[in-house]
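Side chains included, hydrogens not; waters and symmetry mates left out as well; all remaining heavy atoms used.
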Amino acid sequence: MSATETNVDPAILERVAFNGDGLVPAVIQQWDSLEVLMMGWMNAEALRRTLTEGRVTFWSRSRQEYWRKGDTSGHVQYVKSAAIDCDGDTLLVTVDQIGAACHTGTRTCFDADQLAPVVGEAPGSAPAGETASTAQTSEAP
């Protein structure tokens, strides 16, 4: 798709499972570090704008209007890629984030409230903080 195209193939929009409000969550990820930056909502028009303009556009549920990330803050998200998940009910948009992604001014929206889950381990994996090679060398014969 060229940068001047403004239409999105209708087959793409048909694959997206918009919810009852006509919205789909869009997870925004930094393209090179793979940091998850934020989640926002898109309707079909916000998705069309995102796919055709090179900048991420969301639908604001509180203001009931479109907002293009960075227009007021300067914290722009330049689109690098976009994908629909296997169920069609979530989008993944990779971006080049300029400045903070979160409205609070932090790099990501997931910086502040770290939870303390029990950390699971796959059978045969090394305990947290230990690599498989150090686990093998530290075991007694």
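- Between Val95 and Gln29, the closest side-chain pair of non-hydrogen atoms is not below 4.5 Å.
- No donor-acceptor distance shorter than 3.5 angstrom exists from the side chain of Asp87 to the backbone of Asp89, with no hydrogens or angles considered.
- The same ILVMFWY cluster, assembled from side-chain heavy atoms under 4.5 Å apart, contains both Leu51 and Leu13.
- Across every non-hydrogen atom of Cys109 and Ala101, the tightest pair is SG-O, 4.4 Å.
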Check the pair Phe58 / Glu65 against side chain to side chain contact (heavy atoms under 4.5 Å, CB included), numbers first and verdict last. CA-CA 9 Å; Phe58 298 102; Glu65 65 184 16; over 6 Å; no

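- Between Leu92 and Asp85 there is no side-chain heavy-atom pair separated by less than 4.5 Å.
- Taking Arg68 as the reference, Asp71 meet the salt bridge (charged side-chain N to carboxylate O under 4.0 Å, His left out) condition, with sequence neighbours excluded.
- Separating the OG1 atom in Thr94 from the CD atom in Glu35 is a distance of 13.0 Å, to the nearest 0.5 Å.
- Here the straight-line distance linking atom CH2 of Trp31 with atom CG of Leu37 works out to 13.0 Å at 0.5 Å rounding.
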What do the steps show when you test Ile84 against Ile12 for side chain to side chain contact (heavy atoms under 4.5 Å, CB included), and what is the final call? CA-CA 9 Å; Ile84 304 169; Ile12 292 172; 4.2 Å; yes

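- Under the 4.5 Å side-chain heavy-atom criterion for grouping Ile, Leu, Val, Met, Phe, Trp and Tyr, Ile28 is connected to Phe18 within one hydrophobic cluster.
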Pair Val36, Val27 - check side chain to side chain contact (heavy atoms under 4.5 Å, CB included), show working. CA-CA 7 Å; Val36 175; Val27 175; 3.9 Å; yes

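- Considering only heavy atoms from C-beta on, Tyr66 stays 4.5 Å or farther from Ser60 through its side chain.
- A pairwise comparison of heavy atoms in Gln97 and Gln30 identifies N-OE1, 3.0 Å as the closest pair.
- Considering OG1 of Thr72 and CH2 of Trp67, their distance stands at 8.5 Å, rounded to 0.5 Å.
- Across all non-hydrogen atoms, the minimal contact from Trp59 to Leu23 is CD1-CD2, 3.6 Å.
- Contact between Met42 and Ala26 at its shortest, heavy atoms only, is CE-CB, 3.8 Å.
- Atom NE2 of His103 sits about 13.0 Å away from atom NE2 of His75, to the nearest 0.5 Å.
- Scanning both residues, Met38 and Lys69, for their nearest heavy atoms gives SD-CE, 4.0 Å.
- Nearest heavy atoms, Ala17 versus Val24: O-CG2, 4.5 Å.
- In this structure the side chain of Tyr78 never reaches within 4.5 angstrom of the side chain of Val56, judged on heavy atoms.
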Could you go through Val76 and Arg55, starting from their C-alpha distance and side-chain angles, then the distance that decides it, and tell me whether this counts as side chain to side chain contact (heavy atoms under 4.5 Å, CB included)? CA-CA 7 Å; Val76 179; Arg55 298 255 317 265; 3.0 Å; yes

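- Taking the side chain as every heavy atom from C-beta outward, Thr52 and Val8 approach each other to under 4.5 Å.
- A distance of 13.5 Å separates CE in Met39 from OG1 in Thr108, rounded to the nearest 0.5 Å.
- Using modelled atom types, one side-chain atom of Thr50 and one backbone atom of Thr57 make a donor-acceptor pair closer than 3.5 Å.
- A distance of 9.0 Å separates NZ of Lys80 from CG of Asp32, quoted to the nearest 0.5 Å.
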